[in-house]
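Contents: one structure, followed by commentary.
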Amino acid sequence: FRRCGRTMVPSHCSIGISTRFVYFPSRCDFVHPNVPCIIKNAIVSNSNNASSGISSSGFTTTTTTQPLILTLDEIIQHVNENTKITVDITPDGHGDCIRNVKFEEEEEEEGEEEEEEANNKNQHDNVKAKQQRKMFVKPLEECMSIGTFRDMLRRCERSRRRSLHDIDGMEMKQLCYEKLNEKVSSSTEGVLPKKIVDCNGLEVFPLLFHSKNSKTCTTDDGIEIEHCDAECFLNDDIPPVVYYSRQNDCLRTELSTLFSTALFPPTIPFAEAAFHTGPPDAINLWIGNERSTSSMHKDHYENLFYVCSGRKEFVLCPPSDVLFLYEGEFSCGTFGRREKMVGEEEKGGTLAGEDESWIVVGDRDDDDGGGDGVEGVDQSCSEMKTRWIEPDIKKYMEKKSSKNVATTNCDYDNDDDDFPLLSQAHPIKVHVEEGEMLYIPSLWYHRVTQTCETVGVNYWYDMKFDGPNWCYFNFLQNLKKV
């Protein structure tokens, strides 16, 4: 062992400290439990891949120090491709984030109607601000075999199995949007309108209502429609984005067969020594590609994220940035699918540039009487709410580094106008390669994506609520209100 501050780290590991994340394999440097760092060789594999290289005592069980590398195809070999998993599905890869949704208003009085018409001079802004609202939108969850998940994940990736010529993920995504635009233009006599986006550049989808006890949704006209089955995704011209990101201890529950192979250690011993909170509360597996993104958020856990294959990209902000990140309370909704309703073609379809099959279903509780007074929402039920961060910190970082950010088919609002305090935040971008582990301290904000098909596993250790960090964070949150 080599002592790093109060953390006992096995001697085969090396530590990288932020903000530059430089590795110091031969020095004994102080690593505070609340400072992010990268740890190399934290999980190692023996030659026959039968078990992890970390024993319960924290020493390696073999002489090798090769990091554990595990791809999606190798996982399927261990668990069988028919193993059922629960997958997150979104139209654009942005689930669990704040985005605008649109709804139709009731008929207005004549004077108000004329005033609205006078304000709508720009055809691109044909959806009035009063018809949109911000919501925390969660991904659609569907159960499918891990083999089907793999096939859907790779539909828009560069693959030797397909006859595509050197097209990367972003170019393929653009081709998908071109297909959508061709479809829209053919239905609007060759006129290609711009898609309607919010301040984060995310497309605006229609909001429908349902209750937690019903599988149907209700449109503004009172028409009930039922959600589509997951099979409808397989024939989509524009493939949806799939992401395996269960946060419910999925490696020890849904994928217990994989966990039983002992490829992954049941705990990280030096983490238990550092945090003094016992074994991990959860061990989660993450599988996705560059099309999926987890928006900026915080966890009440000490987080150790290990990249088994691929490459992860994190944007980190310290807890003290809570004053600048615009964390607020938002109503909740969930992505859903619908079939085209009878007569919808004659009515002109949906908003220009919008995928007709995707909707956002508002989460409401029938058992809780009375609404919250939000315009455009049925007051017979109350809305479920959560706290989340609205702006996309990476988008701000890109605009800050270059004034000429590409905005093809989108008109982004000015972040400086919408979120002026964001310039005071302290974001750090970190790339974590396969075989490396990133320590994300509790309450640190993080935005996560991948640069390619990536498999990762994370260990959540409960944070200490009786320490000064929790008190200081709550003090800053209250200071923000003042």
Side-chain angles (χ1 to χ4, degrees), residues 16-22 31-38 94 96-100 129 133-137 197-202 293-303 305 312-330 385-407 410-432 438-449 463 465 467-482:
I17 308 174
S18 65
T19 58
R20 294 186 178 181
F21 288 87
V22 179
V31 179
H32 192 275
N34 215 44
V35 174
C37 65
I38 287 179
H94 293 269
D96 287 339
C97 69
I98 306 302
R99 60 194 303 157
N100 280 22
R133 58 181 304 204
K134 300 179 187 297
M135 291 189 74
F136 174 73
V137 182
V197 298
D198 60 18
C199 61
N200 284 321
L202 301 180
T293 298
S294 298
S295 63
M296 185 70 82
H297 65 283
K298 67 180 185 297
D299 296 314
H300 296 87
Y301 289 101
E302 307 291 350
N303 189 356
F305 197 105
K312 279 277 186 179
E313 178 187 283
F314 292 83
V315 176
L316 307 177
C317 284
S320 55
D321 277 357
V322 65
L323 296 170
F324 317 121
L325 294 179
Y326 294 88
E327 184 176 18
E329 190 174 71
F330 298 89
K385 296 194 173 185
T386 191
R387 292 189 62 82
W388 210 260
I389 292 173
E390 180 179 354
D392 187 343
I393 188 70
K394 184 180 179 182
K395 173 172 164 284
Y396 168 79
M397 293 170 68
E398 290 172 346
K399 294 183 77 173
K400 186 177 180 181
S401 62
S402 173
K403 295 182 180 180
N404 299 317
V405 177
T407 55
C410 299
D411 286 333
Y412 291 145
D413 291 339
N414 191 330
D415 285 334
D416 295 334
D417 295 336
D418 295 331
F419 311 107
L421 294 179
L422 207 58
S423 62
Q424 306 300 316
H426 306 82
I428 306 169
K429 183 188 290 187
V430 184
H431 286 114
V432 185
L438 174 65
Y439 165 48
I440 307 174
S442 57
L443 303 179
W444 272 68
Y445 293 97
H446 49 287
R447 177 194 189 274
V448 191
T449 187
M463 67 169 287
F465 290 90
N469 293 335
W470 176 243
C471 297
Y472 177 62
F473 179 77
N474 279 275
F475 164 73
L476 291 176
Q477 278 191 315
N478 292 326
L479 185 63
K480 177 185 174 184
K481 297 177 183 178
V482 177

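Values in this document were obtained by computation on a predicted structure and should not be read as measured data.
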Taking the side chain as every heavy atom from C-beta outward, state whether [X] and [Y] have any pair of such atoms under 4.5 Å apart.
X      : Y      : result
Pro391 : Leu325 : no
Asp418 : Tyr326 : no
Cys97  : Met135 : no
Lys298 : Tyr445 : yes

Which value, rounded to the nearest 0.5 Å, describes the distance between [X] atom [atom1] and [Y] atom [atom2]?
X      : Y      : atom1 : atom2 : result
His300 : Ser442 : NE2   : OG    : 8.5 Å
Ile440 : Asp299 : CD1   : CG    : 7.5 Å
Ile393 : His446 : CD1   : NE2   : 14.0 Å
Leu422 : Ile389 : CG    : CD1   : 9.5 Å
Phe324 : Leu476 : CZ    : CG    : 9.0 Å
Glu327 : Asp321 : CD    : CG    : 11.5 Å

Practice task
Assess whether side-chain contact (heavy atoms from CB on, under 4.5 Å) is satisfied between Phe473 and Ser320, documenting all intermediate values.
Solution key: CA-CA 7 Å; Phe473 179 77; Ser320 55; over 6 Å; no

Can you list the steps and then say if Arg99 with Lys134 is a side-chain contact (heavy atoms from CB on, under 4.5 Å)? CA-CA 5 Å; Arg99 60 194 303 157; Lys134 300 179 187 297; over 6 Å; no

Exercise. Dump the intermediate steps for ring pair (Phe, Tyr, Trp, His ring centres under 6.0 Å) on Trp388 and Phe330, then the final yes or no.
Key: CA-CA 7 Å; Trp388 210 260; Phe330 298 89; 9.6 Å; no

Return the set of residues passing ring pair (Phe, Tyr, Trp, His ring centres under 6.0 Å) with Tyr301 (not counting sequence neighbours), or none when no residue passes.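 With sequence neighbours excluded, Tyr301 shows a ring pair (Phe, Tyr, Trp, His ring centres under 6.0 Å) to Trp460, given in chain and number order.
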
Expected output: side-chain [X] to main-chain [Y] donor-acceptor under 3.5 Å:
X      : Y      : answer
Asn303 : Pro441 : no
Asp198 : Asn100 : yes
Ser294 : Asp96  : no
Glu329 : Thr386 : no

Review point. Where is the tightest heavy-atom contact between Asn200 and Ile98, given as atom of each residue plus distance?
Key: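 Looking at all heavy atoms of both residues, the closest pair is ND2-O, 4.0 Å.
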
When every non-hydrogen atom of Cys199 is compared with those of Phe419, the smallest separation belongs to SG-CZ, 3.7 Å

query = Should Asp392 and Arg447 count as an ion pair when the cut-off is N to O under 4.0 Å?
reply =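 Salt bridge: yes.
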
Q: Let me see the working for Asn34 and Asn469 under side-chain contact (heavy atoms from CB on, under 4.5 Å), right down to the final yes or no.
A: CA-CA 9 Å; Asn34 215 44; Asn469 293 335; 3.7 Å; yes

Can we call the ring centroids of Trp470 and Phe465 under 6.0 Å apart? yes

Enumerate, atom names and distances included, each donor-acceptor pair closer than 3.5 Å involving a side-chain atom of residues 312-319, sequence neighbours excluded.
unit_1	atom_1	unit_2	atom_2	d
Lys312	NZ	Tyr243	OH	3.1
Lys312	NZ	Gln450	OE1	2.5
Glu313	OE1	His431	NE2	3.1
Glu313	OE2	Lys394	NZ	2.7

